[in-house]
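Read through the structure below, which is laid out as structure tokens, and then see the notes.
Per chain, numbering begins at 1; letters A, B, ... match sequence-line order.
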Amino acid sequence: MKPIFTKTKGLTDRPFHYCPGCTHGIIHRLIGELLEEMNLIEKTIGVAPVGCSGFCENYFACDMIGAAHGRAVAVATGAKRARPDRFVFTYQGDGDGASIGLAETISAAARGERITSIFVNNAIYGMTGGQMAPTSLIGQKTSTSPYGRDAETMGFPLDLPKILTQVEGAVYVASVSVDSPQGIKEAKKALRRAFQVQLDGLGYSFVSILSTCPTNWGVNPVEALEWLQTKMKPHFALGELKVPTIEGGDAV
Amino acid sequence: MNNLVKINSERCKSCGLCIHVCPKDVLTIGEIANSKGYYTVEMKDQTMCIACAFCALICPDLALEVYREEKGK
């Protein structure tokens, strides 16, 4: 029988520790597949965040570094500047990249570091028990906003990829969603492009991936996908928000 | 058609996303639990499978592999 879909060599054989239905696993697989397809496994340094995906260093088949909370891009900057021949990516959640690490993320983009950041946005703090995140939606119930997020006292959700499009050093910014097989294919396409931007040495590339957290949203995995489609997707800018241009303004 | 979705039941967490996206309703939650206690997914109708691999694309735990039957064999 002809294999249509088999496990990638870009990931180790260790089973994921994530909750059932958590889309971290899908995003891990997309990165693993790209590392294999682009022949990068042996020359990649990945930087793991703090959060649910803090243990992702166990799953990728490349070299990994565990960074302090929010500082993954800062660690990746050091790794890339010391070894410019290596492919360096960070894997961060919204608590890591948009909350405690907001300054690092924007500063790295402003410096145009030749690294790739993969930013997983599930609108909640997963590992610590479902507290409100900077990306939580207005009206969203979390353990620290039990009556729903109120813009008056808790502010508005942050759309990080949209902010990064304003930063000159960030040359590729995309926002995708892994809510359906089609969305997953688009996410892989965006990741491939982001990886290529780094390999071409163009600058900072950033891919935001809308993701689910069935456990802390308090819904089952299938309902979580529907919540992502109906509630989250309308609130965040989606698609390739910024692509590298050559002289004359044509997309590369 | 006699395509195959190979299920690594020890990795399956019974989240049901594969069942949700399957266009031909080929998969179902079985009655056998794995060592973690999850009732794992199994194929209920192999003849209906079109090997589109949507299930494997959305599986968050790399539990599924998809094989297509080759013609004339």
Residues of residues 51-60 of chain B near chain A, each having a heavy atom less than 4.5 Å away
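So far as heavy atoms go, Ala51(B), Ala53(B), Phe54(B), Ala56(B), Leu57(B), Ile58(B), Cys59(B), Pro60(B) are the residues that approach chain A to under 4.5 Å.
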
Checking Phe119(A) now: which residues fulfil ring pair (Phe, Tyr, Trp, His ring centres under 6.0 Å) with it, not counting sequence neighbours?
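So Phe119(A) forms a ring pair (Phe, Tyr, Trp, His ring centres under 6.0 Å) with Phe206(A).
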
Residues which pass ring pair (Phe, Tyr, Trp, His ring centres under 6.0 Å) with Phe87(A), listed by chain and number, not counting sequence neighbours
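Residues passing ring pair (Phe, Tyr, Trp, His ring centres under 6.0 Å) with Phe87(A): Phe195(A).
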
Side chain, backbone, both or neither: which part of Leu11(A) has a non-hydrogen atom closer than 4.5 Å to chain B?
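Answer is side chain: those atoms of Leu11(A) sit under 4.5 Å from chain B.
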
Any idea which donor-acceptor pairs are under 3.5 Å between chain B and chain A?
from: Arg11(B); atom 1: NH1; to: Asp13(A); atom 2: O; distance (Å): 3.1
from: Arg11(B); atom 1: NH2; to: Arg14(A); atom 2: O; distance (Å): 3.3
from: Lys13(B); atom 1: NZ; to: Phe16(A); atom 2: O; distance (Å): 2.9
from: Lys13(B); atom 1: NZ; to: Tyr18(A); atom 2: O; distance (Å): 2.5
from: Ala56(B); atom 1: O; to: Arg29(A); atom 2: NH1; distance (Å): 3.1
from: Leu57(B); atom 1: O; to: Arg29(A); atom 2: NH1; distance (Å): 2.9
from: Leu57(B); atom 1: O; to: Arg29(A); atom 2: NH2; distance (Å): 2.7
from: Cys59(B); atom 1: O; to: Arg29(A); atom 2: NH1; distance (Å): 3.4
from: Val66(B); atom 1: N; to: Phe5(A); atom 2: O; distance (Å): 2.9
from: Val66(B); atom 1: O; to: Ile4(A); atom 2: N; distance (Å): 2.7
from: Val66(B); atom 1: O; to: Phe5(A); atom 2: N; distance (Å): 3.1
from: Arg68(B); atom 1: N; to: Lys2(A); atom 2: O; distance (Å): 2.7
from: Arg68(B); atom 1: O; to: Lys2(A); atom 2: N; distance (Å): 2.8

Can you check whether Leu62(B) reaches Phe16(A) side chain to side chain, under 4.5 Å on heavy atoms?
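Leu62(B) vs Phe16(A): side chains touch.
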
Among Pro221(A), Gly183(A), Cys22(A), single out the residue with the greatest number of heavy-atom pairs under 4.5 Å to chain B.
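The candidate making the most pairs under 4.5 Å is Pro221(A).
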
Could you tell me which portion of Leu64(B) (side chain, backbone, both or neither) has an atom closer than 4.5 angstrom to a non-hydrogen atom of chain A?
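Only the backbone of Leu64(B) comes within 4.5 Å of chain A.
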
